[in-house]
Amino acid sequence: MNDLVSIIMPSYNTAKYIKESIDSVINQTYSNWELIIVDDCSKDETENLVKQYKDERIKFIKKEKNSGAADSRNKALLLAKGKWIAFLDSDDIWATDKLEKQIIFMEENNYAFSYTNYTRIDQNSVPLNIVCTGPKVVPFSKMKRYCYPGCLTVMYNVEVVGLIQIINIKKNNDYAMWLKVARKATCYLLNQELAQYRVRDKSISHDKLLKKLRSHYELFRVSENKSVLFAIVCACRNVFYGILKKWVYEKHIEG
């Protein structure tokens, strides 16, 4: 319970939200972490806000060219020094005991890859009263069906998984990462709500069906290097399981 956690945070024009995200890391009950923020040429006050923090555990890297979240995560992973790798986007929030509970869960069960439940909030941090969960066990075969883990909840053991780098695709780059990790380790669910995912008006989550199909096709065709036919089949399967996930694994709760 004293190993370093490297937290990967890509940022781009999130000055409105990034302070909440960083504060949720600083307030963790588990204190041995490094937060690696890679900024994708933000045009707002993101850089100035981050540089107000004097915590030596926070590392800020500003890219010279805008190149997307996948490239930002790749750069952060190259710099990471921790045994544990965790992910938090610059507009999402963790519960204060997220790292502590997840590390205990993984160490006690000898897991190398895990995720947790999360809830949704709106642009003003107001709860939307939706809990998102997933299967208790996600082997590679199930991960191919759909991206069950929420990026803000994932943690893996780099000593087991190794260095992960992905092709720079615009969307589903977190899914591309989990597919690579799942080849090395089965993913397990910690069935607790330990993070808050922010739903924004222009979120990728609001893509229409055709755009979703295209992005899932690109994932399997480009990132996974599959044939055209196989990529089409996988994209259609992903969309089907995505609809199924909403029915089975998203629950409305009373406010």
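Note that the structure is a prediction, hence the values are computed from the model and not measured.
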Separation of Thr133 OG1 from Leu190 CG (nearest 0.5 Å) = 9.5 Å
Could you please spell out the steps behind the side-chain contact (heavy atoms from CB on, under 4.5 Å) verdict for Leu4 and Glu34?
-> CA-CA 7 Å; Leu4 179 66; Glu34 61 174 0; 4.1 Å; yes
For Val126, does its backbone N or O pair with a side-chain atom of Asp122 as donor and acceptor, under 3.5 Å?
-> yes
Any side-chain donor-acceptor pair under 3.5 Å between Asp3 and Asn32?
-> no
Nearest non-hydrogen partners of Ile93 and Leu88, listed with the distance = N-CD1, 4.0 Å
Looking at Arg198 and Asp92, does any basic side-chain N land under 4.0 Å from a carboxylate oxygen?
-> no
Taken to the nearest 0.5 Å, the spacing of Phe220 CZ from Leu229 CG works out to 13.5 Å
Grab the two heavy atoms, one from Ile121 and one from Gln196, that are nearest each other, plus how far apart they are.
-> CG2-NE2, 3.8 Å
Pair up each side-chain donor or acceptor in residues 144-161 with any protein partner under 3.5 Å, not counting sequence neighbours, and list the distances.
residue, atom, partner, partner atom, Å
Thr153, OG1, Thr116, N, 3.3
Thr153, OG1, Thr116, O, 3.4
Thr153, OG1, Gly150, O, 2.8
Asn157, OD1, Glu159, N, 2.9

Closest contact, heavy atoms only, Met106 versus Ser114 = SD-OG, 3.1 Å
Can you find a side-chain donor-acceptor pair between Asp40 and Asn66 that sits under 3.5 Å?
-> yes
Can you name the closest pair of heavy atoms from Ser31 and Arg57 and give their distance?
-> O-NH1, 2.8 Å
For Lys101 and Gln192, does a side-chain donor sit closer than 3.5 Å to a side-chain acceptor?
-> yes
Starting from the C-alpha separation in whole Å, work towards a yes-or-no answer on side-chain contact (heavy atoms from CB on, under 4.5 Å) for Tyr175 and Met143.
-> CA-CA 9 Å; Tyr175 189 8; Met143 193 72 79; 4.3 Å; yes
Are the side chains of Leu179 and Glu224 in touch, meaning some heavy atoms are under 4.5 Å apart?
-> yes
Non-hydrogen atoms of Ser24 and Ser21 that approach each other most closely | OG-O, 2.7 Å
Decide if atom CG of Asn110 counts as having more than 12 heavy atoms of other residues, nucleotides or ligands within a radius under 6.0 Å.
-> no
Report the C-alpha separation of Ile37 and Leu35 in whole Å, then their side-chain angles, then the decisive distance to 0.1 Å, and conclude whether the side-chain contact (heavy atoms from CB on, under 4.5 Å) test is met.
-> CA-CA 6 Å; Ile37 304 171; Leu35 173 59; 3.8 Å; yes
Check for a donor-acceptor pair, side chain of Thr46 on one end and backbone N or O of Thr14 on the other, with a separation under 3.5 Å.
-> yes
Pair Tyr111-Phe105, ring-ring contact (aromatic ring centres under 6.0 Å, His included): steps then yes or no | CA-CA 8 Å; Tyr111 295 153; Phe105 172 69; 5.3 Å; yes
Using a 4.5 Å cut-off on heavy atoms from C-beta on, say whether the side chain of Ile58 contacts that of Ile22.
-> yes
Compare every heavy atom of Tyr17 with every heavy atom of Arg200, then report the nearest pair and how far apart it is.
-> NE-CE1, 3.6 Å
Do Leu99 and Thr29 have side-chain heavy atoms sitting under 4.5 Å apart?
-> no
State the OH-SG distance between Tyr241 and Cys236, to the nearest 0.5 angstrom.
-> 13.0 Å
Can you find a pair of side-chain heavy atoms, one from Tyr115 and one from Leu189, that are under 4.5 Å apart?
-> yes
Which is it for Asn117 and Asn191 under the side-chain contact (heavy atoms from CB on, under 4.5 Å) test, yes or no, and what are the steps along the way?
-> CA-CA 6 Å; Asn117 300 340; Asn191 193 21; 2.7 Å; yes
For Lys19, does the NZ atom sit with more than 12 other heavy atoms under 6.0 Å from it, leaving out its own atoms?
-> no
Tell me yes or no: between the side chains of Glu193 and Thr119, is some donor less than 3.5 Å from an acceptor?
-> no
Side chains of Trp94 and Leu194 in contact at under 4.5 Å (non-hydrogen atoms) | no
Looking at side-chain heavy atoms only, is the closest gap between Tyr12 and Ser72 below 4.5 Å?
-> no
Flag the pair Arg73 / Asp174 as yes when at least one side-chain heavy-atom distance between them is below 4.5 Å, and no otherwise.
-> yes
For Asn74, does its backbone N or O pair with a side-chain atom of Gln165 as donor and acceptor, under 3.5 Å?
-> yes
To the nearest 0.5 angstrom, please state how far the SG atom of Cys41 sits from the NZ atom of Lys62.
-> 6.0 Å
Among side-chain atoms of Ser11 and Ser90, is any donor-acceptor pair under 3.5 angstrom?
-> no
Less than 4.0 Å between a side-chain N and a carboxylate O, is that true for Lys245 and Glu250?
-> no
Could you check if a side-chain atom of Lys98 sits within less than 4.5 angstrom of a side-chain atom of Tyr30, using non-hydrogen atoms only?
-> no
Lys226 to Phe230 six-membered ring, cation-pi geometry met (6.0 Å, 45°) | yes
Below 6.0 angstrom between ring centroids: does that apply to Trp178 and Phe140?
-> no
For Ser42 and Glu47, does a side-chain donor sit closer than 3.5 Å to a side-chain acceptor?
-> no
Distance-only donor-acceptor check, side chains Lys63 and Ser67, under 3.5 Å = yes
